[in-house]
Every structure is written in C-alpha cells, then in structure tokens.
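For reference, the structure is listed below as structure tokens.
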Amino acid sequence: MTILLFVMLGVFIFMMFRRNKKTQQQQAKLQSEFAPGIEVMTSFGLFGRIVSIDEAENKVVLELSPGNLATVHRQAVNKIVEPAETQAVPDDASALTAEDPLAPETKAATADETPDETLKRLNDEGKKDI
C-alpha cells in the first residue's frame, strides 16, 4: 500500500513539472513572436501595439491609443491579438439610402404619389395589421 502511495505521488509530481514546462515553452514561443507593430493584450486587459522592446530590462513599450504610451514588463504581455475582419464603410451616405431589393412593390407605389395619397396609404397599412 505504501509503495502505491509513493508511485501516485511520483506521477503527480511528474505531471506538475511537465505542465510547467509546457507553459514555459508556450510563453517563450509567444515572446519570440514579439516585434514592433504587433497588436497585443496584457494580462490585465490593456490592448495596444508594441512600439519598442527592451531586452536588457524586459520592458515593452505599448501604444494604447495615438500618443498614449505605456511601459509594461515583458511577461505582462500574454496574448497576440489577431486583427478582426472589418466591413468597408462607404465614404458617403449611399448605403443608408440604398433601395431595399425585397420591397419592389413599395417603390412602384410611392413613385407618383402626392403627399395626401402617401398619408392615406400609410394609414391604411396600419389598419391591415389589426
């Protein structure tokens, strides 16, 4: 029984050291990818872009927003942020006034209406729901 207890303790200690080694390898791999211009997140939730890295003192200078710099310890940076795909935003308001392709009947109905006819049509549409 005592031998089994020591074997279990040995396996537990082995697994603990193995886990720590894997974590250190992942951290070393991550820190090797650091370079100026990379978007990162710190362990305390700040997002920024790496401006410079001081290998001698283990410091990283992050630009949090234009003109705002923060110096953090190199180990505080724990994640590289992948840029998310963004949709192109038009320079003009054409996207706001684009026609709805699902409602061609409303386009035909409103083409030659007078303001009075439009009011009557809108009032009648509200009564159809009741």
Side-chain angles (χ1 to χ4, degrees):
M1 187 69 169
T2 307
I3 294 173
L4 183 61
L5 183 63
F6 283 120
V7 169
M8 294 285 285
L9 183 63
V11 169
F12 178 72
I13 291 172
F14 172 75
M15 296 298 278
M16 188 173 58
F17 282 121
R18 183 173 171 226
R19 181 175 159 213
N20 286 342
K21 186 176 179 181
K22 279 187 176 184
T23 304
Q24 287 174 351
Q25 287 175 344
Q26 288 176 345
Q27 187 72 15
K29 180 184 175 211
L30 177 72
Q31 289 187 3
S32 69
E33 296 176 1
F34 289 166
I38 301 288
E39 295 276 337
V40 294
M41 183 182 85
T42 63
S43 58
F44 42 91
L46 287 178
F47 288 88
R49 183 181 313 262
I50 296 177
V51 175
S52 65
I53 302 171
D54 184 4
E55 299 285 341
E57 296 189 23
N58 285 331
K59 292 183 180 180
V60 176
V61 178
L62 299 177
E63 182 179 31
L64 304 176
S65 63
N68 292 326
L69 300 177
T71 304
V72 297
H73 194 273
R74 187 177 178 128
Q75 289 179 342
V77 180
N78 65 355
K79 185 177 181 183
I80 294 178
V81 178
E82 307 298 328
E85 292 185 28
T86 57
Q87 295 180 348
V89 178
D91 292 337
D92 58 356
S94 63
L96 299 175
T97 59
E99 297 176 14
D100 185 10
L102 299 176
E105 65 277 352
T106 59
K107 179 182 173 188
T110 60
D112 297 320
E113 284 183 343
T114 63
D116 292 332
E117 292 171 340
T118 303
L119 282 172
K120 185 176 188 256
R121 179 179 54 84
L122 292 174
N123 286 334
D124 290 342
E125 286 178 2
K127 292 177 184 175
K128 290 179 187 176
D129 294 337
I130 296 176

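One is the number of the first residue; the rest follow in order along the sequence.
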Worksheet item: Given the rule that I, L, V, M, F, W and Y join up when any side-chain heavy atoms are under 4.5 Å apart, are Phe6 and Met15 in one cluster?
Response: no
Worksheet item: Rounded to the nearest 0.5 Å, what separation is found between the CG atom of Leu62 and the CG atom of Leu69?
Response: 9.0 Å
Fill in: Joint cluster assignment, Val77 & Leu46, ILVMFWY side-chain distance < 4.5 Å
yes
Item to complete: Following the transitive rule for hydrophobic clusters with a side-chain heavy-atom cut-off under 4.5 Å over Ile, Leu, Val, Met, Phe, Trp and Tyr, establish whether Val72 and Val81 coincide in one cluster.
Response: no
Worksheet item: Taking the side chain as C-beta and beyond, is there a heavy-atom pair between Gln75 and Asn58 under 4.5 Å?
Response: no
Discussion item. Are there over 12 heavy-atom neighbours, none belonging to Ile3, within less than 6.0 Å of that residue's CD1?
Written reply: no
Worksheet entry | Set of residues satisfying side chain to side chain contact (heavy atoms under 4.5 Å, CB included) with respect to Glu57, sequence neighbours excluded | Asp54, Lys59
Worksheet item: In chain order, what residues pass the side-chain hydrogen bond (donor to acceptor under 3.5 Å, both in side chains) check against Asn20, with sequence neighbours excluded?
Response: none
Item to complete: For Ser32 and Lys29, work out which heavy atoms get closest and say how close.
Response: OG-O, 2.6 Å
Worksheet item: Between Glu33 and Ile80, which heavy-atom pair has the shortest distance, and what is it?
Response: OE1-CD1, 3.3 Å
Item to complete: Examine Met8 and Val11 and state if one hydrophobic cluster contains both, with Ile, Leu, Val, Met, Phe, Trp and Tyr joined whenever side-chain heavy atoms are less than 4.5 Å apart.
Response: no
Discussion item. Within this structure, what is the CZ-CG distance for the pair Arg74 and Leu30, rounded to the nearest 0.5 Å?
Written reply: 9.0 Å
Practice prompt. Please check if atom CZ in Phe14 has more than 12 non-hydrogen atoms from other residues, nucleotides or ligands closer than 6.0 Å.
Written response: no
Item to complete: Measure the shortest side-chain to side-chain distance between Met1 and Leu5 over non-hydrogen atoms and say whether it is less than 4.5 angstrom.
Response: no
Practice prompt. Calculate, to the nearest 0.5 Å, the distance between atoms CG and CD belonging to Leu119 and Glu113 respectively.
Written response: 9.5 Å
Worksheet item: In Å and rounded to the nearest 0.5 Å, what is the CD to CD distance from Gln31 to Gln27?
Response: 4.5 Å
Discussion item. Please find the pair of heavy atoms, one from Ala70 and one from Leu64, that lie closest to each other, and give the distance.
Written reply: CB-CD1, 3.8 Å
Worksheet entry | Hydrophobic cluster identity match, Ile38 and Val60, side-chain contacts under 4.5 Å | yes
Worksheet, complete the sentence: Those residues at least two apart in sequence (or on a different chain) that pass salt bridge (charged side-chain N to carboxylate O under 4.0 Å, His left out) with Glu39 are Arg49
